[in-house]
Amino acid sequence: MGIANNRLSYEAQTMMSKRHMERAKQVMPGGMTANIKHFEPYPIAIKRAHGSRLFDVDGHEYIDYLMGYGALMLGHGHEEVKSAIQQQIEQDGTWLFGTPHEKEAAFAERLLRYFPSMESVRYTNSGTEANLLALRLAMAHTGKYKIAKFEGHYHGAIDSLLISVSPNEQDAGTAHEPNRVADSYGMDELAMQNTFVLPFNQYEHCEKILTEHAAEIGALIVEPLEAGIIAPTNDFLQKLHTLTKKLNIVLIFDEVKTGFRTGMGGVQNLYNVEPDLTTMGKVVGGGFPFGVVGGKQEIMGRTSPLAGFDFFADQDQTDRKQLALFHSGTYNGHPLVLAAGLATLDVLEEEMSDLLIRTEQFKSELEAVFKKHSLPMKAVGIGSLFSVLFTNKESLSNYRCFEHVDKKLRTEMDRALFQEGIYVKPGNRYSMSVAHDDEAIEKTIMAYEKVVPTLFPSND
Ligand SMILES: Cc1ncc(COP(=O)(O)O)c(C=O)c1O
């Protein structure tokens, strides 16, 4: 089954989506509100969703493994979340107070219970915003204004972090000391120069770069599972923790993808490492726009309006000597978002272990389909996030290993699966939810059974 043939069927199957995209292109660049939604030749447009299912504008039903890029861990339209939102609106009478309210502290108490590294938290409206705040906190705390990040790690559209997320082979530089490569036009040159790029799972090389520039680097930010799926090896995270302590660098775990994906306490709980700061988003907001920064009181406390002058907080403008670290936002701590988040955490407490077990079984069953045909596929990931990767490599340790992964074949498979009613954005991770029941999984395995032999005709 070739891509060209697939494409014909894709267009036949998605005429209304095509029409929608043509309309959208007239009024939005590329027809998009976020470039991540784009894929070739055009993405499907969705009309409604329920549980594990998406229904597109052409009237087709799909089992959804994208799940809002991992945000919807309860699936679409979960009843508990729905009723928490309804209750917020009907009993409490509004969806925005603009003042402190009870859910703000209640939610923080819950997070502190799951994440022992957190002594205090602040809310934002996205993972990107959470990382912006975390960087500023680290800089204020250390008085050092450069940053270190890892090649292949995404932290949102921030000039100093949108660097070497996806560099091509020619630009990337050496594997042990990667180049800084911009991932967007229009980035601040200075921000670029202020960021060091490190190789994940290569402790000695990280140690060298961080030690050489310790006088300038105030923050080290890491996705503790690279790209949400690749595990740290040989005490890598523990060693980074010890080193950053020694060098007075604030260690930030970006758990926006992984926050509740490996269990209730994040990747840090799994590997028993307490970062100075943690950022979260996606799952923790129950599918609404949300972000969290949490961490040590001595760092978090810098945002307090009791700790210094803040022009929004202080009426008396005369005493401006000591500034607080500015953090505000009209929608921070939005009642509807916190209601959805709390309901999500309630359900996850009940369902987490079942979901983790079900995901492991699903991964083994998928791998078994390929094994039957002696084909190299690995379902790589920990917890309820994983990716289907075509590679002969025994293990994947960082971004450079993806050179050995057949991404084109994966896209081709995703297209073929799409025709069988299985949806994931081509090439993306599988994000499991409590709505992926036995029936959905069985149907998916059957689709794989049908599609896999057609992808590797010579092997059969
Ligand atoms: C690890 C990580 N950090 C930060 C972000 C940015 O979060 P948001 O899209 O909510 O701004 C993402 C989004 O995918 C992410 O995966």
Side-chain angles (χ1 to χ4, degrees), residues 32-39 65-73 115 121-138 147-166 183-184 195 197-198 200 219-232 237 251-262 266-268 270 275 277-295 329 331-334 337-338 340-341 344 380-387 398-399 424-425 427-431:
M32 290 295 135
T33 54
N35 285 354
I36 195 166
K37 296 181 186 177
H38 175 77
F39 59 83
Y65 285 99
L66 191 69
M67 281 291 154
Y69 293 91
L72 294 170
M73 208 164 152
F115 289 82
V121 305
R122 275 287 173 105
Y123 306 128
T124 65
N125 302 297
S126 67
T128 301
E129 273 185 53
N131 284 330
L132 270 172
L133 175 60
L135 290 184
R136 181 170 294 168
L137 279 164
I147 297 164
K149 75 170 296 276
F150 287 90
E151 186 177 57
H153 292 209
Y154 177 65
H155 305 289
I158 300 166
D159 281 8
S160 55
L161 295 177
L162 202 56
I163 295 172
S164 299
V165 179
S166 184
D183 289 294
S184 172
T195 298
V197 181
L198 309 178
F200 192 65
L220 170 61
I221 187 164
V222 58
E223 279 196 78
L225 297 183
E226 180 170 297
I229 55 168
I230 295 187
L237 296 175
L251 179 62
I252 305 166
F253 275 15
D254 177 345
E255 295 229 37
V256 171
K257 270 197 215 69
T258 55
F260 286 86
R261 283 286 174 187
T262 59
V267 178
Q268 54 196 268
L270 210 58
L277 295 177
T278 301
T279 56
M280 288 194 291
K282 296 196 192 266
V283 171
V284 74
F288 283 84
F290 193 44
V292 172
V293 183
Y331 298 114
N332 292 1
H334 195 288
V337 179
L338 295 180
T344 299
V380 177
I382 299 176
S384 62
L385 269 189
F386 68 92
S387 197
N398 67 26
Y399 181 76
V424 70
K425 185 188 164 183
N428 213 279
R429 282 169 297 275
Y430 276 56
S431 295

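Whatever order the structure lists ligands and atoms in, that order sets their numbers, starting from 1. All values below come from the heavy atoms of this structure, side chains included, with hydrogens, waters and symmetry mates left out.
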Polar contact flag, side-chain donor to acceptor under 3.5 angstrom, Arg261-Ser384: yes

Contacting atoms of ligand 1, where contact means under 4.0 angstrom from a heavy atom of Lys282: 13 (C), 14 (O), 16 (O)

Under 3.5 Å donor-acceptor, Lys282 side chain and Gly127 backbone: no

Side chain, backbone, both or neither: His155 near ligand 1, heavy atoms under 4.0 Å: backbone

Euclidean distance, Phe200 CZ relative to Lys149 NZ, rounded to 0.5 Å: 12.0 Å

Option with minimal heavy-atom separation from atom 1 (C) of ligand 1, where the choices are Phe290, Tyr154, Phe253: Tyr154

Gly127, any N or O under 3.5 Å of ligand 1 N or O: yes

Expected output: side-chain Tyr69 to main-chain Ile36 donor-acceptor under 3.5 Å: yes

Leu220 side chain near Leu198 side chain, heavy-atom distance below 4.5 Å: yes

Side chain to side chain donor-acceptor pair (under 3.5 Å), paired with Glu223, selected from His155, His153, Lys257: Lys257

Contact atoms of ligand 1, heavy-atom distance to Glu223 under 4.0 Å: 1 (C)

Approximate separation, where rounding is to 0.5 Å, of Phe253 CZ and Thr279 OG1: 11.0 Å

Mode of Thr128 contact toward ligand 1 - side chain, backbone, both, neither (heavy atoms, under 4.0 Å): both

Ligand-side contact atoms (ligand 1) for residue partner Asp254, heavy atom cut-off under 4.0 Å: 1 (C), 2 (C), 3 (N), 4 (C)

Tyr69 heavy atom under 4.0 Å from ligand 1: no

Nearest-contact summary for atom 5 (C) of ligand 1 - protein heavy atom, Å: Val256 CG1, 3.8 Å

Region of Asn131 that comes within reach of ligand 1 [heavy atoms, distance under 4.0 Å]: side chain

Atom indices of ligand 1 within 4.0 angstrom of Ser126 heavy atoms, with elements: 10 (O), 11 (O)

Side chains of Tyr123 and Leu338 in contact at under 4.5 Å (non-hydrogen atoms): yes

